[in-house]
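So the structure is just underneath, and the comments pick up after that.
Quick caveat, the model's predicted, so the values are computed rather than measured.
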Amino acid sequence: MKHMDYFKNFLENTVNLSKFKLQLLSERVDSIYDLLKDDEELGPLIKAKIPQGSWPQKTIINPQNGKPFDGDFMVQMVEDPDWADDLKKYGDAIYKVLHKTSPYKDMPHGRKCRCVYITYANNAMHVDVVPFVVRADGKQWIINRDANDWERTDTDGFTTWMKTRDAIAGRHLREVIRIMKFLRDHKNSFTGTKSILLTTLLGEQVEDWRKISDAGYYADLPTALLHIVSDLDVWLQARPIKPFIMDPSGSGTSFDHRWTQETYAYFRGRIHAHAAEIKDAYDETDFDDSVKKWQDLFGDGFKAPKSSTSSGKYSAVGTGAGAAGAASVNLSGRAG
């Protein structure tokens with residue numbers, strides 16, 4: 001069964017990052033960027049900022065208790081020919097401003113391979129500042145500090161790709177990604193698989209042609225979850241050896257370095273298990289048994305909204321179909 005109101009409540013009150021925290025992230029990013037722009041030395045080198053990763057893609061989720069939620073943004077800098085042989089100077093210039101200025105100098109901060117990071121009080125928020133340059137070729141390039149080399153990126157292109165796939169999936173792809181990230185982070189499943197890989201692999205399963213024989217293939221969240229994860233499982237099971245995963249924006253960048261054969265094999269096995277669990281819960285025709293199966297997968301956060309009552313429990317199954325019909329599914333492309 002679908003349990004539409006349970007899924008809605010699960011997303012809103014367990015999975016999704018709150019609007020308050022999203023607003024706080026936006027305000028803190030603006031404060032960091034304004035500081036960099038206002039610096040006498042660095043300011044002339046700063047041109048623009050672009051949100052990056054799960055934040056603009058709208059796939060950011062609540063973190064585990066005691067862990068920060070991450071927000072990334074890119075800072076466009078003017079290419080400096082004097083730094084051509086020592087590219088880490090781009091990140092160093094950003095670090096220098098933060099390191100000398102309150103309150104950031106008193107907060108945990110530092111440099112990583114591709115960014116400068118800041119961690120806020122009580123480990124509640126972690127912000128990565130990623131310097132990038134639009135070079136003479138008109139393309140975006142970030143800096144790999146460890147390799148002292150340029151890396152091609154296309155943040156806007158990836159976000160556009162995500163929006164397109166999400167539209168094909170009836171605006172349910174982002175919700176599916178958030179739910180699968182919840183399984184990874186809160187239920188300790190397929191740990192070690194980076195969000196960029198999970199997002200890309202799930203998004204690449206979404207295709208317009210799947211709706212030709214079944215217009216309702218992505219009709220609602222539980223149906224989209226069932227089909228996208230099942231389709232990913234089929235794709236993975238046909239590939240026991242770690243495949244090359246390319247940036248779907250068309251930047252030409254490979255994400256291959258972000259996992260190993262061991263990590264991939266573990267991910268492949270866990271998705272296979274989750275696809276079976278999702279199908280079992282979706283196909284279950286007994287209301288209470290179906291809820292129990294979804295809860296076994298997602299935990300106690302998968303529950304009816306407080307306004308729901310037992311007398312109306314069958315109205316929670318879904319819309320557009322009766323209880324029995326909504327509980328049936330054919331993985332060849334006939335979701336109820």
Side-chain angles (χ1 to χ4, degrees), residues 1-22 24 54 58-70 122-126 171-193 195 198-199 202 220-230 232-233 266-267 269-319 323 326-327 329 335:
M1 288 184 173
K2 296 182 181 182
H3 306 288
M4 303 287 283
D5 56 344
Y6 283 59
F7 268 99
K8 184 175 185 294
N9 184 57
F10 178 54
L11 277 175
E12 291 179 351
N13 295 302
T14 300
V15 176
N16 294 349
L17 194 68
S18 69
K19 291 182 179 179
F20 170 78
K21 289 182 178 179
L22 285 171
L24 185 61
S54 60
K58 299 181 181 179
T59 59
I60 194 168
I61 67 168
N62 264 324
Q64 291 172 285
N65 290 336
K67 293 187 177 181
F69 70 89
D70 295 331
N122 301 316
N123 206 32
M125 182 187 299
H126 179 101
R171 309 296 179 188
H172 298 304
L173 173 59
R174 287 185 172 111
E175 296 173 330
V176 169
I177 292 170
R178 277 183 247 134
I179 286 174
M180 295 306 290
K181 288 173 71 172
F182 175 86
L183 279 179
R184 180 195 62 185
D185 297 348
H186 291 259
K187 306 300 287 185
N188 296 317
S189 187
F190 54 89
T191 54
T193 298
S195 292
L198 180 62
T199 296
L202 289 169
D220 50 62
L221 174 54
T223 302
L225 175 68
L226 170 74
H227 284 140
I228 293 171
V229 175
S230 295
L232 176 58
D233 178 42
Y266 181 60
F267 173 75
R270 296 305 300 146
I271 292 298
H272 189 59
H274 289 324
E277 291 166 338
I278 290 168
K279 184 179 186 301
D280 188 33
Y282 189 100
D283 284 348
E284 177 58 62
T285 58
D286 181 87
F287 185 95
D288 293 329
D289 287 347
S290 179
V291 168
K292 176 65 164 56
K293 288 177 179 180
W294 285 119
Q295 288 177 338
D296 286 344
L297 181 60
F298 297 133
D300 294 339
F302 187 85
K303 57 188 178 182
K306 292 181 179 179
S307 60
S308 292
T309 63
S310 59
S311 62
K313 70 178 183 179
Y314 289 105
S315 68
V317 174
T319 59
V329 65

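In this pair, Phe298 and Phe302 present their aromatic rings tilted. The plane angle is within the 30 to 60° band.
Distance check: Leu297 CG to Ser189 OG gives 8.5 Å after rounding to the nearest 0.5 Å. Between atom NZ of residue Lys8 and atom CG of residue Asn13 there is a gap of 8.5 Å, rounded to the nearest 0.5 Å. Taken from OG1 in Thr193 to NZ in Lys181, the straight-line distance is 12.5 Å, to the nearest 0.5 Å. Phe69 CZ to Lys21 NZ: the interatomic distance, rounded to the nearest 0.5 Å, is 6.5 Å. One finds the CG atom of Leu183 at 9.5 Å from the CG atom of Leu198 (value rounded to the nearest 0.5 Å). Once rounded to the nearest 0.5 Å, the distance linking NZ of Lys58 with CD of Glu175 reads 11.5 Å.
Partners of Asp185 by side chain to side chain donor-acceptor pair (under 3.5 Å), not counting sequence neighbours: none found. With sequence neighbours excluded, the residues forming a ring pair (Phe, Tyr, Trp, His ring centres under 6.0 Å) with His126 are Tyr117, listed by chain and number. With sequence neighbours left out, the ring pair (Phe, Tyr, Trp, His ring centres under 6.0 Å) criterion links Tyr266 to no other residue. Judged as a ring pair (Phe, Tyr, Trp, His ring centres under 6.0 Å), and not counting sequence neighbours, His172 has no contacts. Asn16 pairs by the side chain to side chain contact (heavy atoms under 4.5 Å, CB included) definition with Leu11, Arg178, not counting sequence neighbours.
Taking 4.5 Å as the limit, some side-chain heavy atom of Met180 sits within range of a side-chain heavy atom of Ile271. Using a 4.5 Å heavy-atom threshold, the side chains of Phe10 and Phe182 count as touching. Between Leu225 and Tyr282 the shortest side-chain heavy-atom distance does not fall below 4.5 Å. Using a 4.5 Å heavy-atom cutoff, the side chains of Leu17 and Ile61 are not in contact. At a threshold of 4.5 Å between non-hydrogen side-chain atoms, the residues Phe7 and Lys2 do not count as touching. Residues Ile177 and Ile228 are not in side-chain contact: their nearest non-hydrogen atoms beyond the backbone lie 4.5 Å or more apart.
The two residues Pro63 and Pro68 come nearest to each other via the heavy atoms CB-O, 3.5 Å. What you find for Ser290 and Ala281 is that their closest heavy atoms are OG-O, 2.9 Å. Across every non-hydrogen atom of Ser54 and Asp70, the tightest pair is OG-O, 4.5 Å.
A salt bridge (charged side-chain N to carboxylate O under 4.0 Å, His left out) check over residues 292-305, counting only residues at least two apart or in different chains, returns the pairs Asp280-Lys293, Glu284-Lys293, Lys292-Asp296.
Looking only at distances, a side-chain donor or acceptor of His186 sits under 3.5 Å from a matching main-chain atom of Asn62.
Side-chain polar atoms of Thr223 and Asp220 form a donor-acceptor pair below 3.5 angstrom.
Crowding of His272 atom NE2: a count of heavy atoms from other residues, nucleotides or ligands under 6.0 Å not exceeding 12.
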